[in-house]
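So the structure is just underneath, and the comments pick up after that.
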Number of protein chains: 2
Amino acid sequence: MEASKIIKGSMSAIILQLLQNNGRMYGYEITKAVRDGSRGKTKITEAALYPALHRLEEAGFLETESEIVDGRIRKYYKLNRQGKKETALQIDALKESILSLQKILKYKLKNG
Amino acid sequence: MEASKIIKGSMSAIILQLLQNNGRMYGYEITKAVRDGSRGKTKITEAALYPALHRLEEAGFLETESEIVDGRIRKYYKLNRQGKKETALQIDALKESILSLQKILKYKLKNG
DNA sequence: TGATTATGCCTAATTTTTTTAGGTATAAAA
DNA sequence: TTTTATACCTAAAAAAATTAGGCATAATCA
């Protein structure tokens, strides 16, 4: 498996938050951000990323603009207003989920 | 969606850790532990749990024993030696993934 | 009494999303 | 000249959850 399972489930939240942090990004840059941001511990494959980007665009959260740089095409993605709302929702949910997860992992039965 | 996406990806680690913490547990008890442990914020459905338990058993990490309590059957699951090893591996990986995730979410481009 | 809730196991079909395994192309570095 | 980095992407398969139930006992509530 390329990405850890926890990253798999957080794919869209990660994409949205990275776009929030950086204004606009292109796909390849996102894969590098995940790799570098985690000091190489975590990777997302392009085969997982691009469909995820397209789903977010399809859902109406992203806008795109293409540029040619050094003879190669780059497709930049950025959040629109709805995307910014969605980012806030997903990141809040994600943070709460992490807290819940940490509590669950410590859970012990009262009668145990 | 019943369980948050992050819980989805951590299903097996959660099950293993709960068994580690509590010696033995039965399915219904695990669903309650997740619900109560997260103060109701997170739930896993039985339709997700039971197949996950069966996969872990199939993989050789769990042993079972059935009992009848109050006229109803209970199937207890507990870790075997290999399951304890696997729990340590998965929990280490999970904790590292959470750290990576938190770093990724803060990531900003150098040239941004 | 009768209906609902809680307890307790489970599965089939569908859906979602990732992985596997590529394709296409330019440019730089070894 | 081959590999690495950059840059987009998809089709088919696999994995795993959700949806939508089934089956059953016991306790609680109206």
Side-chain angles (χ1 to χ4, degrees), chain A residues 1-16 24-36 40 42-59 62 64-77 90 93-94 97 101 109 111, chain B residues 1-16 24-36 40 42-59 61-62 64-77 90 94 97 101 109 111:
Chain A
M1 141 191 34
E2 269 297 330
S4 70
K5 288 187 181 171
I6 210 167
I7 301 301
K8 281 171 57 168
S10 314
M11 184 79 81
S12 68
I14 289 171
I15 292 170
L16 292 170
R24 65 173 200 172
M25 298 179 83
Y26 54 99
Y28 189 72
E29 192 175 37
I30 293 173
T31 67
K32 283 190 299 180
V34 169
R35 175 161 45 74
D36 297 349
T42 300
K43 291 180 183 70
I44 56 175
T45 61
E46 295 182 33
L49 175 68
Y50 287 111
L53 279 170
H54 299 158
R55 284 194 296 272
L56 288 168
E57 189 181 4
E58 183 70 19
L62 305 183
T64 66
E65 36 190 68
S66 291
E67 286 179 20
I68 293 172
V69 181
D70 294 329
R72 293 188 215 88
I73 210 167
R74 273 187 197 170
K75 193 165 160 191
Y76 282 98
Y77 293 84
Q90 289 205 17
L94 180 56
S97 292
L101 176 56
L109 296 171
N111 55 328
Chain B
M1 139 193 34
E2 266 298 329
S4 70
K5 287 186 182 171
I6 210 166
I7 301 300
K8 279 171 58 167
S10 315
M11 183 78 81
S12 66
I14 289 171
I15 292 170
L16 292 171
R24 66 174 201 171
M25 297 179 83
Y26 53 98
Y28 190 71
E29 192 176 38
I30 293 174
T31 67
K32 283 189 300 179
V34 169
R35 174 161 45 74
D36 296 348
T42 299
K43 291 182 183 69
I44 57 175
T45 60
E46 296 181 33
L49 175 67
Y50 287 110
L53 279 170
H54 300 160
R55 284 194 296 273
L56 289 169
E57 188 182 4
E58 183 70 19
F61 301 136
L62 305 184
T64 65
E65 37 191 69
S66 290
E67 287 178 21
I68 293 174
V69 180
D70 293 329
R72 294 189 213 86
I73 208 165
R74 274 187 195 170
K75 194 167 159 191
Y76 281 98
Y77 293 84
Q90 289 206 18
L94 180 57
S97 292
L101 175 57
L109 296 170
N111 55 328

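All figures in this text were calculated on a predicted structure; none of them were measured in a lab. Values below: all heavy atoms of this structure, side chains included; hydrogens, waters and symmetry mates excluded. Chain A is the first sequence line, chain B the second, and so forth, proteins listed ahead of strands; every chain is numbered from 1.
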List every contact pair, protein side and nucleotides 20-23 of chain D side both N or O, where the distance is under 3.5 Å.
none

Rounded to the nearest angstrom, tell me the gap between atom CZ in A:R74 and atom C1' in D:dC9. 17 Å
Figure out the CD1/P separation between A:I44 and C:dT19, and round it to whole Å. 10 Å
Listed by chain and number, what are the side chain to side chain contact (heavy atoms under 4.5 Å, CB included) partners of B:S10, not counting sequence neighbours? A:I6, A:L101, B:I14, B:L94
Per atom distances to the A:Y50 side chain, the nearest of D:dC8, D:dA17, C:dT18 is D:dC8
Residues which pass salt bridge (Lys or Arg N to Asp or Glu O under 4.0 Å) with B:E57, listed by chain and number, not counting sequence neighbours: none
Can you tell me how far the OG1 atom of B:T42 sits from the CD1 atom of B:I7, to the nearest 0.5 Å? 4.5 Å
Who are the ring pair (Phe, Tyr, Trp, His ring centres under 6.0 Å) partners of A:Y28, not counting sequence neighbours? none
Parallel, tilted or perpendicular, as decided by the 30° and 60° cut-offs, for the rings of A:Y77 and A:H54: tilted
Write down the protein N/O and nucleotide N/O pairs, taken from nucleotides 25-28 of chain D, whose separation is under 3.5 Å; answer none if there are no such pairs.
| from | atom 1 | to | atom 2 | distance (Å) |
| --- | --- | --- | --- | --- |
| D:dT25 | O2 | B:R72 | NE | 2.9 |
| D:dT25 | O2 | B:R72 | NH2 | 3.4 |
| D:dA26 | O4' | B:R72 | NH2 | 2.8 |

Here's a test of your reading of the structure: between B:Y76 and A:A48, which maps to the more 5' nucleotide of DNA chain C? B:Y76
Any side-chain N or O of B:K75 below 4.0 angstrom from OP1/OP2 of C:dC10? yes
Rounded to the nearest 0.5 Å, what separates atom CG in A:L16 from atom CG in A:L62? 6.5 Å
Spacing between A:M11 atom CE and D:dA15 atom P, to the nearest angstrom: 17 Å
Looking at A:R55, does any N or O in its side chain come under 4.0 Å of the phosphate oxygens OP1/OP2 on C:dT18? yes
C:dC10, D:dA16, D:dT6: which one has an atom nearest the side-chain heavy atoms of A:K32? D:dT6
Rounded at 0.5 Å granularity, tell me how far OH in A:Y26 sits from OG1 in A:T31. 9.0 Å
Over how many whole Å does the gap from B:K8 atom NZ to D:dT19 atom P extend? 10 Å
For A:R24, which residues count as a salt bridge (Lys or Arg N to Asp or Glu O under 4.0 Å) partner, sequence neighbours excluded? A:E65, A:E67
Interatomic distance, B:I73 CD1 vs D:dA24 C1' [rounded to whole Å]: 11 Å
In whole angstroms, how far is the P atom of D:dT6 from the NZ atom of A:K43? 13 Å
How long is the line joining NZ of A:K5 and C1' of D:dA17, in whole Å? 12 Å
Looking at D:dA7, D:dA17, C:dC10, which one has an atom nearest to any side-chain atom of B:H54? C:dC10
Nearest-nucleotide comparison on DNA chain C, the residue closer to the 5′ end among B:Y77 and B:R35: B:R35
Go through the structure and list residues passing ring pair (Phe, Tyr, Trp, His ring centres under 6.0 Å) with B:Y50, not counting sequence neighbours. none
For A:S12, what residues pass the side-chain hydrogen bond (donor to acceptor under 3.5 Å, both in side chains) criterion, not counting sequence neighbours? A:Q90
Can you tell me the distance, in whole Å, between the OH atom of B:Y26 and the C1' atom of C:dC10? 16 Å
